[in-house]
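One-based numbering along the sequence shown.
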Amino acid sequence: MFRKYDSLIFEKSTPGRTAYQLPKLDVEEKELKDLVPSEFLASEAPKLPEVNEVDIVRHYTNLSNKNFGVDTGFYPLGSCTMKYNPKINEEMASLPGFAALHPYQEEYQVQGALELMYNLLEILEEIAGMDAGTLQPAAGAQGELAGVLLIRAYHESRGDFKRNKIIIPDSAHGTNPATAAVAGYTPVEIPSDENGLVDLDALRAVVGEDTAGLMLTNPNTLGLFDQHIKEITDIIHEAGGLCYYDGANANAIMGHAKPGKMGFDVMHYNIHKTLSTPHGGGGPGSGPIVCKEFLAPFLPVPVVEKDGDKFTLNYDKPQSYGHMKDFYGHFGIIVRAYTYCLTMGSDGLELASDYAVLNANYLAARLKGEYNMAVNTTVKHEVILAGLKDHEKLGVTTNDVAKGLIDRGIHPPTVYFPLIVDEALMIEPTETESLETLDEFVDAMLDIARVAKEDPESLKNAPLTTDISRPDETAAARTPIVKAEW
């Protein structure tokens, strides 16, 4: 059936219709004003849509069918590791002993949950080559902030208040400079060299007594592992700074390289990426941080500790900088990540990295005939294209390529990032995709390259299979409409 658009739930409202009715009270009814302070009471009832059950079920079911996720199809979102979420993770997180917990329960009632958190943190520390950590941060960006605040607390504990700058490569994730600024530091950008790696001379030129630290990920956003990583961290340490590892690309190195061995002092994980937990709809995420022993006193409280056979929440950390969020982290996500680690084992996590790297290089080998490569060398977890070959002559942009993929049933990769690559298209296949899926993606990309030569105007009108073809993304970002008037 053809529908011009999906109406809002408010537009389906008809006075008098009801989807659900609460049972009659079996206790004495009291006036609302006697239960809730008057300053918290609205002057009038909210205008809620009046719809029956079948209409509301159909409405939200139809909306869900329009959504795209890793269960729907290939989702090669570069630098975000959108890997498949195994359903056993969901089953474990749904167990009543986990799902029905409350954070205010007594410790003796939640020993299993505390043991799980303790064990997961030990796994994360082992993978990273670190000594301590916390599961508290709610997402990767908050994990970054937690890690940089750890660096700040360390310097201030030593009476060193002159350090006010964080060095960040130009290939960094966009959250890095924002995190440094929010933590009270001035971000200092350094350029990449001709090979897409950190320019060591530029790094040496900016370090000094005002250097608080360095933020980078390795492999970087070009998919390149920096062979000079230990020299980079040594330069920072010799200047008295600390080194922060952005763990967004940890899927490329699990079981092969440890940030702690590279010289990093603290890092965050995106376990909602690397360890296969849900990542859609903006969350819930989870961004635990792990660190070297000398930073442990400054970790946010509480910290899960083991005392004999008992697990406890330690709030007694005088040098802690406080809380990152209420309670102990997104527990349901933590359960899923722990399930994944136990399912995979250490050998499985290492193998996941092997296949993630293999898949990225397979795509690079098959696409380099029709697309420009940002780097002409072996990459790690992701391959960065620099637009179609002759894209300027054809008049077909990376945005057109991305829109063409939508018509072919594939979620577009990240586009126009990293910023240092012209017409960038950032593809991270992860290890969970089969050879058949990768070939289907390549076929779609090659077909777009063919159409770009034969009928470029058709790509400029893509996508043709969606309700809305090309929304004004700038207006949507700057002047969002987040509520309906009816």
CE/Met267 to CG/Leu124 distance, rounded to the nearest 0.5 angstrom? 8.0 Å
If we ignore angles and hydrogens, is there a donor and acceptor under 3.5 Å between the side chains of Asn359 and Glu431? no
Could you state the interatomic distance from OG (Ser79) to NE2 (His381), rounded to the nearest 0.5 Å? 6.0 Å
Are the side chain of Glu50 and the backbone N or O of Gly16 linked by a donor-acceptor pair below 3.5 Å? yes
Carboxylate-amine/guanidinium contact Asp201 Arg204, below 4.0 Å: yes
Output all residues satisfying side-chain hydrogen bond (donor to acceptor under 3.5 Å, both in side chains) with Glu370, sequence neighbours left out; order by chain, then residue number. Lys453
Provide the closest heavy-atom pair for Gly129 versus Lys292 in the form atom of the first, atom of the second, distance. O-CE, 3.7 Å
Any donor-acceptor pair under 3.5 Å from Arg152 side chain to Ala183 backbone: yes
Qualifying residue for side chain to side chain donor-acceptor pair (under 3.5 Å) with Asp407, from Thr466, Thr465, Asn461: Thr465
Could you state the interatomic distance from CD1 (Ile333) to CG (Leu120), rounded to the nearest 0.5 Å? 12.0 Å
So, taking the atom named CG in Leu216 and the one named CD1 in Ile229, what distance separates them when rounded to the nearest 0.5 Å? 5.0 Å
N/O donor-acceptor pair under 3.5 Å between Arg336 side chain and Glu90 backbone: no
With Lys83, the side chain to side chain donor-acceptor pair (under 3.5 Å) member among Thr277, Thr432, Asn251: Asn251
Main-chain N/O of Met324 paired with Gln142 side-chain donor or acceptor, under 3.5 Å: yes
Ionic contact status for Arg470 with Asp400, cut-off 4.0 Å: yes
What orientation do Phe441 and Phe74 show, parallel under 30°, tilted 30 to 60°, or perpendicular over 60°? perpendicular
